[in-house]
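Everything numeric here is computed off the predicted structure, so don't read it as measured data.
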Number of protein chains: 2
Amino acid sequence: MIKVAIVDDHKILTEGLQGLIAESGIATVAGVAHSAAACRLSIGFWKPDVVLLDVGLPDGSGIDLCKELKTQVPGMKILALTTHNEYTVVRQMLDNGASGYLIKNAMADEVLAGIQAVAAGETFLCHEIDLLMKRPQEKNIWLSPRERELLRLVTEGLTNAEIAEKIFLSPETIKGYRKNLLLKLGARNTAVLVKMALEQKLI
Amino acid sequence: MIKVAIVDDHKILTEGLQGLIAESGIATVAGVAHSAAACRLSIGFWKPDVVLLDVGLPDGSGIDLCKELKTQVPGMKILALTTHNEYTVVRQMLDNGASGYLIKNAMADEVLAGIQAVAAGETFLCHEIDLLMKRPQEKNIWLSPRERELLRLVTEGLTNAEIAEKIFLSPETIKGYRKNLLLKLGARNTAVLVKMALEQKLI
DNA sequence: GATAAAAACCCCCTTTAGGGGGGTGTTTGC
DNA sequence: GCAAACACCCCCCTAAAGGGGGTTTTTATC
């Protein structure tokens, strides 16, 4: 029997999940945490095979928590379960060690299939995410860490001069990055840049 | 017995809700819809007393659907059930006729309390939203329809001249609105303006 | 060891946004 | 009836962004 832990702050959802998993007969729920902190405290006791992990936790990013958990217990499989269907989020989760990715409007049977697959050491993406990841590359934007940092500072409303001062670079360099970001994202100005950054969760 | 309909595309959540409501003994689930379109088709047959309505539906805004449902069946109570905890969203839902507002990380008993309250003709806000709505006014930003329209066009990346042409106003007027928006939202430039607009769902 | 990509840097010039003022008339709610 | 909010318009000036063209160094990948 597969031991599953659930980390998600939506209490109604976790209750539904618990019922679903218990009834399925393929797994048992070792524990439920409603925050990243609660997860960190309990995960050592639960020793689950699979963690159903939300990305949007109240006290931190599931993306970071995923990396953390995989570092501590490399054998434990992470199955992301979120509302986000943005390429950047999925890719970051997978880069941080997640074995699978489900979106919350997936059917119940996909959840069970996902748990079984990742427990068996496979990679599992729900249908919609699978399609997303297979799209032509040019539609899925991927920024370098430096570009992401710059984009973040731009969305904060800092000017080129302020950014330059903050990260010890020449203002001209910042300008260069900004031009590149506009080109890369196909944005005509800062407003669109910020919009895309937030909508596609590029930061 | 209160008759409840559920409109939400998160299938796992709706299953959890169904169980929760059935077990409670205070209400029965008349039907479940996973989209606005499905809701429109079935609501006439279900004739529920209370509709649990999500804001983020795949095929349209729950805010609009709320208004639509209240116009067609004024006696039917709408109880919003969403992830959004932004003032603007809550206020728009209430303005459009919703009798209550729950956020999805609320406890299960708040859902039942909410159903009972709105069925009895009362207004129900879950704890977190209640606090939000009672904050000092200056923290809860509210824009006029015209300001919202302008803000939307700004986030689309249009320049003052383009906006002016589009809505048949003088570029100087647009400039005035923009200055006012910066002042009203406390934003230092367009980047922050766009960020706030999207984060607080002002558009 | 070649190739490519990221990262850092620079100049010129034009357009747009932002900061500071000023003002008018018209709804709308109390 | 009157204030408040809304919608509309104009000036001047500076700061910042955007469009065009470049260079070099490091770092990873094949």
Side-chain angles (χ1 to χ4, degrees), chain A residues 87-88 91-92 95 136-138 140-198 202-203, chain B residues 87-88 91-92 94-95 136-198 202-203:
Chain A
Y87 176 81
T88 315
R91 172 141 176 197
Q92 280 184 95
D95 281 356
Q137 309 89 311
E138 72 265 19
N140 288 331
I141 295 155
W142 188 244
L143 303 177
S144 73
R146 198 57 159 173
E147 285 174 324
R148 253 202 298 281
E149 188 184 4
L150 244 102
L151 186 52
R152 197 177 51 75
L153 294 168
V154 169
T155 63
E156 302 284 340
L158 302 195
T159 65
N160 291 334
E162 288 166 339
I163 296 172
E165 204 183 346
K166 190 154 197 169
I167 61 175
F168 309 110
L169 289 179
S170 150
E172 284 300 325
T173 304
I174 309 301
K175 227 172 144 178
Y177 273 104
R178 247 178 130 133
K179 277 194 287 194
N180 221 289
L181 281 168
L182 289 173
L183 186 69
K184 211 164 176 176
L185 305 198
R188 61 187 306 215
N189 55 31
T190 302
V192 179
L193 200 63
V194 172
K195 192 181 167 219
M196 294 181 74
L198 295 175
L202 299 174
I203 44 166
Chain B
Y87 176 80
T88 314
R91 173 143 176 198
Q92 281 184 92
L94 296 179
D95 282 355
Q137 310 88 312
E138 72 267 17
K139 295 209 74 184
N140 288 331
I141 295 155
W142 187 246
L143 303 178
S144 72
R146 198 58 158 172
E147 285 174 325
R148 252 202 299 280
E149 186 185 6
L150 244 104
L151 185 52
R152 198 177 50 77
L153 294 168
V154 169
T155 63
E156 302 285 341
L158 302 195
T159 64
N160 292 335
E162 288 167 339
I163 296 173
E165 203 184 344
K166 191 156 196 168
I167 60 176
F168 309 111
L169 290 179
S170 150
E172 283 299 326
T173 304
I174 310 300
K175 221 172 150 180
Y177 273 104
R178 247 176 130 133
K179 276 195 288 193
N180 220 289
L181 281 168
L182 289 173
L183 185 70
K184 211 163 177 177
L185 304 199
R188 60 187 308 217
N189 55 31
T190 302
V192 179
L193 201 62
V194 171
K195 191 181 169 220
M196 294 180 75
L198 295 175
L202 299 175
I203 43 167

Under the side chain to side chain contact (heavy atoms under 4.5 Å, CB included) test against A:V154, which residue among A:I163, A:I203, A:I174 passes? A:I163
Give me, pair by pair, the N or O atoms of the protein and of nucleotides 2-9 of chain D that are less than 3.5 Å apart, along with how far apart they are.
residue	atom	partner	partner atom	Å
D:dA7	OP2	B:S144	OG	2.9
D:dC8	OP1	B:R146	NH2	3.3
D:dC8	OP2	B:R146	NE	2.9
D:dC8	OP2	B:R146	NH2	3.1
D:dC9	OP2	B:S170	N	2.9
D:dC9	OP2	B:T173	OG1	2.8
D:dC9	O5'	B:T173	OG1	3.3

Taking 4.0 angstrom as the limit, do A:E156 and A:K166 come out as a salt bridge? no
What is the minimum heavy-atom distance between A:V194 and B:A191, and which atoms define it? CG1-O, 3.7 Å
Please tell me if the side chains of B:R188 and A:L158 come closer than 4.5 Å, counting only heavy atoms from C-beta onward. yes
Separation of atom CD1 in B:I163 from atom C1' in C:dT16, rounded to whole Å: 12 Å
Specify the separation, in whole Å, of atom CG of A:L182 and atom P of D:dG18. 5 Å
Just one of B:R178, B:K175, B:E172 clears the side chain to side chain donor-acceptor pair (under 3.5 Å) bar with B:N160, so which one? B:R178
Distance check needed: D:dA17 P versus A:L153 CG, whole Å only. 12 Å
If you compare every side-chain N and O of A:N160 against the phosphate oxygens of D:dA17 (OP1, OP2), does one of them come in below 4.0 Å? yes
Contact pattern, 5' to 3', of nucleotides 21-29 of chain D - B, S or - by protein heavy atom under 4.0 Å: B--------
Here the pair of heavy atoms bringing A:I141 nearest to A:Y87 is O-CD2, 3.7 Å
What is the separation between atom CG on A:N189 and atom P on C:dT15, rounded to the nearest whole Å? 16 Å
To the nearest angstrom, the NZ-P distance between A:K175 and C:dC11 comes to 11 Å
Give the rounded distance in Å between these two atoms: CG of B:L183 and C1' of C:dG18. 12 Å
Closest non-hydrogen atom pair between A:A187 and A:M196, with its separation: CB-SD, 4.2 Å
Per A:R178 side chain, nearest of listed nucleotides C:dG19, D:dG18, C:dA17: D:dG18
Is it the case that the side chain of A:N189 and the backbone of A:V192 share a donor-acceptor pair, with hydrogens and angles ignored and the cut-off at 3.5 Å? yes
Protein-nucleotide distance (A:R148, atom CZ; C:dA7, atom C1'), rounded to Å: 15 Å
Compare every heavy atom of B:S170 with every heavy atom of B:A164, then report the nearest pair and how far apart it is. CB-C, 3.9 Å
Can you check the A:N180 CG to C:dA6 C1' distance for me, whole Å? 10 Å
Please tell me if B:T159 has a side-chain N or O lying less than 4.0 Å from either OP1 or OP2 of C:dT15. no
